[in-house]
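Notes follow once the structure below has been shown.
None of these values were measured; they are calculated from a predicted model.
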Amino acid sequence: MIPDTEHRDINIRVQLASFLGTHLAGIGRAGVAKIFGAMNLAPPVKEDHYEEIDRKLLLPCIKKFQHESMQAAIYEAVDENDGDPTALTVSGDGTWQRRGFKSIHGVAAVLSCNTTPKVLDVQRLSKKCLICTGALSVKNKDLDLYDVIIHNHDCESNYDGSSGGMESQGIQDIFKRSFPKYQVQYTRYIGDGDSSVMWNLTQHPPYPGIEIEKIEDINHWSKKMLYRLEKLAQELKDTMLDPEKKRKGIGGVNRLTKGTKYDQQKHSLPKYVMEAIKPVFEDLASKETLQHVLNGSSQNANESFHSFLWSMAPKNRYCSGTIIDS
Ligand SMILES: [Zn+2]
């Protein structure tokens, strides 16, 4: 593509920008055709060319930037790391294209735990491949053509387990390639309640001789605390704890209340309430438990990455693994 005039140059730039734009806006070629029409611009390139340019020009470009960006994030994490610079603390999580456990595509991501967390690596897992599925329609009519298609495509399908196991598999893949890819090891892992991820990392250690330490997500820990307190309040509902004022349980005004805004005033709890909830604090705030939530680490950044990812590869729309990759 060598532009011969200024106009043509502009047109090509608009065309190329539109490729990226369609992905960002999630409207595809048909959407661009409408916008170009309204703006009195020449229509976008024909459908078949469009896909080819997408695959041969845009995708490699995005992949290159993606790699550079993640490589830079690794350097940053190594720079900010105390102790062994190549042993990083990461947070990981999985996300699915569709809710529930029937999703065809899933993505596992590992993020750095710096002041500004960044995506270090992602792994897409797909149970189906568009081309494989499409080729089935010619299988009966033309077996040779079917074989050609199957042998000459980059298969998107890379996972055949259950959708629920995608997170665990994806995280494992990311950990396994951290050394060949970036020369670092992820030795501390922040995860949510999905214990299968940690179980998998313990059963199949990605780094020989190195045990990965699990750090609990601080939000998860707070939830645990809330749950324990609520359970306790329920249990003590009918227990007379303050015979003087004839009050039962530990809930209510001036005691443990739920859902009220913190008002910055001085607070104190009656002694019997303190005594009643003490075991919960002793348990959850023990040195051993707190060691796991150290650094106040959380998975908030992962959640934010997920919503960004699926806004580009919308859950309600049909989409292929290639789009998720980009
Ligand atoms: Zn395939």
Side-chain angles (χ1 to χ4, degrees), residues 20 23-24 58-97 105-126 158 166-192 194 197-198 200-201 205-207 210-220 292-313 321-326:
L20 193 57
H23 283 298
L24 293 174
L58 193 64
L59 198 63
C61 222
I62 291 175
K63 284 220 159 133
K64 187 171 167 269
F65 281 114
Q66 186 193 39
H67 181 73
E68 281 172 9
S69 151
M70 296 197 295
Q71 180 85 56
I74 289 277
Y75 286 140
E76 201 180 284
V78 168
D79 253 3
E80 283 187 28
N81 200 21
D82 332 309
D84 180 359
T86 58
L88 302 178
T89 306
V90 295
S91 74
D93 206 356
T95 174
W96 291 269
Q97 193 190 3
H105 304 297
V107 172
V110 158
L111 274 75
S112 64
C113 289
N114 299 353
T115 333
T116 320
K118 289 192 177 142
V119 180
L120 300 179
D121 205 353
V122 285
Q123 173 69 24
R124 167 186 57 81
L125 297 134
S126 299
N158 59 0
M166 280 179 173
E167 175 175 357
S168 179
Q169 180 63 49
I171 298 284
Q172 179 82 11
D173 292 346
I174 291 174
F175 269 66
K176 280 218 165 105
R177 65 178 178 229
S178 80
F179 201 74
K181 198 171 176 182
Y182 302 124
Q183 291 79 53
V184 293
Q185 292 178 328
Y186 309 136
T187 52
R188 278 145 54 100
Y189 179 75
I190 301 166
D192 54 13
D194 188 352
V197 176
M198 204 51 217
N200 199 10
L201 287 175
Y207 316 118
I210 289 176
E211 202 179 312
I212 291 158
E213 192 187 334
K214 154 119 186 165
I215 301 177
E216 207 150 350
D217 177 14
I218 196 156
N219 292 334
H220 189 68
H292 293 289
V293 276
L294 215 69
N295 307 339
S297 317
S298 85
Q299 285 191 305
N300 292 347
N302 294 59
E303 301 298 332
S304 135
F305 168 66
H306 296 164
S307 63
F308 179 67
L309 170 75
W310 297 121
S311 74
M312 302 231 279
T322 316
I323 292 179
I324 300 174
D325 279 344
S326 57

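Annotation for Ala87 and Thr187: closest pair CB-OG1, 3.4 Å, computed over non-hydrogen atoms. Smallest separation of non-hydrogen atoms from Arg124 and Asn158: O-ND2, 2.8 Å.
The number of heavy-atom neighbours closer than 6.0 Å to CD of Glu68, taken from other residues, nucleotides and ligands shown, is above 12.
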Step-by-step side chain to side chain donor-acceptor pair (under 3.5 Å) determination, Ser178 to Tyr207: CA-CA 10 Å; Ser178 80; Tyr207 316 118; 2.8 Å; yes

In sequence, state the C-alpha distance, the side-chain angles, and the governing distance for Val90 and Tyr189, and then conclude on side-chain contact (heavy atoms from CB on, under 4.5 Å). CA-CA 5 Å; Val90 295; Tyr189 179 75; 4.2 Å; yes

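The main-chain N or O of Thr86 is never found under 3.5 Å from a side-chain atom of Asn81 such that the two would form a donor-acceptor pair. Although no hydrogens or angles enter the test, the distance criterion places no donor-acceptor pair under 3.5 Å between the side chain of Thr89 and the main chain of Arg188.
Met198 contributes atom CE, which lies 11.0 Å from atom CD1 of Ile171 (distance to the nearest 0.5 angstrom). To the nearest 0.5 angstrom, Ser112 atom OG is 12.0 Å from Asp121 atom CG. The distance from atom CG of Leu88 to atom CD1 of Ile74, rounded to the nearest 0.5 Å, is 6.0 Å. Summarising the geometry, atom NZ belonging to Lys176 is positioned 14.5 Å from atom OH belonging to Tyr186; distances are rounded to the nearest 0.5 Å. The line from CG of Leu125 to NE2 of His105 is 11.0 Å long, rounded to the nearest 0.5 Å. Separation of atoms CD (Gln123) and CD (Gln169) is listed at 8.0 Å; rounding is to 0.5 Å.
Residue Phe175 forms a side-chain contact (heavy atoms from CB on, under 4.5 Å) with just one option from Leu201, Asn200, Val197, and that option is Leu201.
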